[in-house]
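Input: a single structure, listed below in structure tokens.
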Amino acid sequence: MRVTIEYMTQVRRAVGIGNETIDWPGGTLADLIHVVAGKHPEAASLLLDCAGRPSRAMLAFINNEPAAIDTAILDGARVTMMTPMAGG
Amino acid sequence: MLSDDELTTYKWQIWTPGFGVAGQEKLKSATVLISRIGGVGGSLAQQLAAAGVGKLTLAHAGNSRANDLNRQILMSHARLGQPRVEQAADKLRELNPRLQIELVPENITPDNARDLVAKADLVASCAPLFSERLAMNDAAVALGKPFVDCAMFDMELQVLSVMPGGPCLRCLYPESPAAWKREFPVFGAVAGAAGCLGAVEAIKLLAKLGEPLTDRMLLADLGTMSFRRLPRQRDPNCPACGDAKSRLNSSGLLADS
């Protein structure tokens with residue numbers, strides 16, 4: 001399965017690219033977050049909490065819609081991962 | 001009731017369909033609390049002062065520094081080292097001498113948020129720390145006040161509005177991101193864009209104009225000039241606006257703890 005991941009805010013800065021398309025075996029949003037954290041360890045602290053679970057302080061959208069962490073990701077989906085901003 | 005001077009000053013915005021004299025009177029009678037008048041909040045304050053909001057409460061601690069001046073447009077080089085709120089008030093009064101201003105030379109905390117929010121008709125959250133934004137959100141939700149949150153990072157910005165009964169800031173992110181740092185990459189033009197968009201939201205909410213971002217979050221990447229609106233949903237387990245058992249009390253503890 002293919003999924004395009006768009007990185008924004010601090011996640012983009014940590015990963016170093018704005019987006020990428022990857023092939024993966026498929027799964028839930030939580031599974032994909034772990035895949036990305038493994039592929040880009042420099043972003044792991046933004047994506048995962050200290051227990052290794054997807055962080056409650058990160059934001060993820062599937063095809064521009066809010067998604068629960070256990071949402072299955074369909075082939076060809078576009079997933080946005082970001083941390084919220086507080087820059088004033 | 002608007003004076004002749006006010007009718008002249010605001011003539012061109014009164015022409016906006018759906019706004020009119022009635023909308024201008026709503027702005028005149030409104031008090032807006034602004035948390036921090038830096039890069040985002042300074043632009044927001046300037047636009048609300050220009051638009052004829054009756055009273056602004058400016059909350060921001062500390063004195064201006066040289067590295068504020070790339071974005072904090074209410075500060076000036078000549079007054080470096082002086083209190084930010086005093087500089088901001090003087091600059092805003094130059095623009096609009098009718099404007100009433102209350103100065104609060106401190107930042108928003110869970111201890112002062114409720115009292116400050118209670119005196120406002122709308123609150124605007126422009127602080128560089130999540131703890132301040134969440135404290136404003138919690139007080140606004142508890143008191144049923146409209147809340148506008150505008151923020152930026154690097155070349156990106158986000159703006160959203162919260163109305164009683166709708167999704168709040170904690171529904172979007174219940175806790176502060178641990179990795180957020182107080183200092184971040186910022187152009188004044190990007191911060192100013194976030195503040196101006198927040199001011200538009202504030203005007204819309206006060207004058208009941210247009211479609212505010214009450215169930216959406218505007219997300220923009222000014223590096224590519226791409227704008228989109230992402231849906232937001234209310235979380236029934238939200239610590240601020242969710243079911244009673246999950247709510248925080250005034251001490252920041254869960255209501256049932």
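Every chain is numbered from 1, with letters handed out A, B, ... down the list of sequences. These values consider heavy atoms only, across backbone and side chains, with no hydrogens, waters or symmetry-generated copies.
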Tell me which of these, A/Arg12, A/Met58, A/Glu65, A/Met82, has more heavy-atom pairs under 4.5 Å with chain B than the rest. A/Arg12
Greatest number of non-hydrogen atom pairs under 4.5 angstrom with chain A, of B/Val186, B/Leu129, B/Leu219, falls to B/Leu219
Who among A/Pro66, A/Pro84, A/Ala57 has the most heavy-atom pairs with chain B under 4.5 Å? A/Pro84
One option among B/Met217, B/Arg228, B/Gln233, B/Met155 has the most heavy-atom pairs under 4.5 Å with chain A, and it is B/Arg228
Among B/Gln72, B/Arg71, B/Glu175, B/Arg232, which has the most heavy-atom pairs under 4.5 Å with chain A? B/Glu175
Ignoring hydrogens, what is the shortest heavy-atom contact between B/Leu48 and B/Ile203? Give both atom names and the distance. CD2-CG1, 3.9 Å
Heavy-atom closest pair (B/Asn137 atom, B/Cys168 atom, distance to 0.1 Å) is OD1-CB, 3.3 Å
Given that the side chain runs from C-beta out, which part of B/Phe130 has a heavy atom under 4.5 Å from chain A: side chain, backbone, both or neither? both
Out of B/Ile37, B/Thr224, B/Leu172, return the one with the most heavy atom pairs under 4.5 angstrom to chain A. B/Leu172
Shortest non-hydrogen contact from A/His34 toward A/Gly52: NE2-O, 2.8 Å
Under 4.5 Å from any heavy atom of chain B, what part of A/Ser55 do you find: side chain, backbone, both or neither? neither
Hey, mind stepping through B/Gln158 and B/Asp149 against side chain to side chain contact (heavy atoms under 4.5 Å, CB included) and telling me if it holds? CA-CA 8 Å; B/Gln158 70 180 48; B/Asp149 185 80; 4.1 Å; yes
Highest number of heavy-atom pairs under 4.5 Å with chain A among B/Gly223, B/Ala127, B/Ala191 belongs to B/Ala127
What part of B/Ser176 lies closer than 4.5 angstrom to a heavy atom of chain A: side chain, backbone, both or neither? backbone
Specify the closest pair of heavy atoms between B/Phe147 and B/Arg133, including all atoms of both residues, with the distance to one decimal. CZ-O, 3.9 Å
Taking 4.0 angstrom as the limit, do A/Arg56 and A/Asp49 come out as a salt bridge? no
Regarding A/Arg2 and A/Asp23, does a basic nitrogen lie under 4.0 Å from an acidic carboxylate oxygen? yes
Interface residue of largest heavy-atom contact number with chain B, from A/Leu59, A/Leu46, A/Thr83, under 4.5 Å: A/Leu59
On a heavy-atom basis, the closest approach of B/Val148 and B/Leu122 is CG2-CD2, 4.2 Å
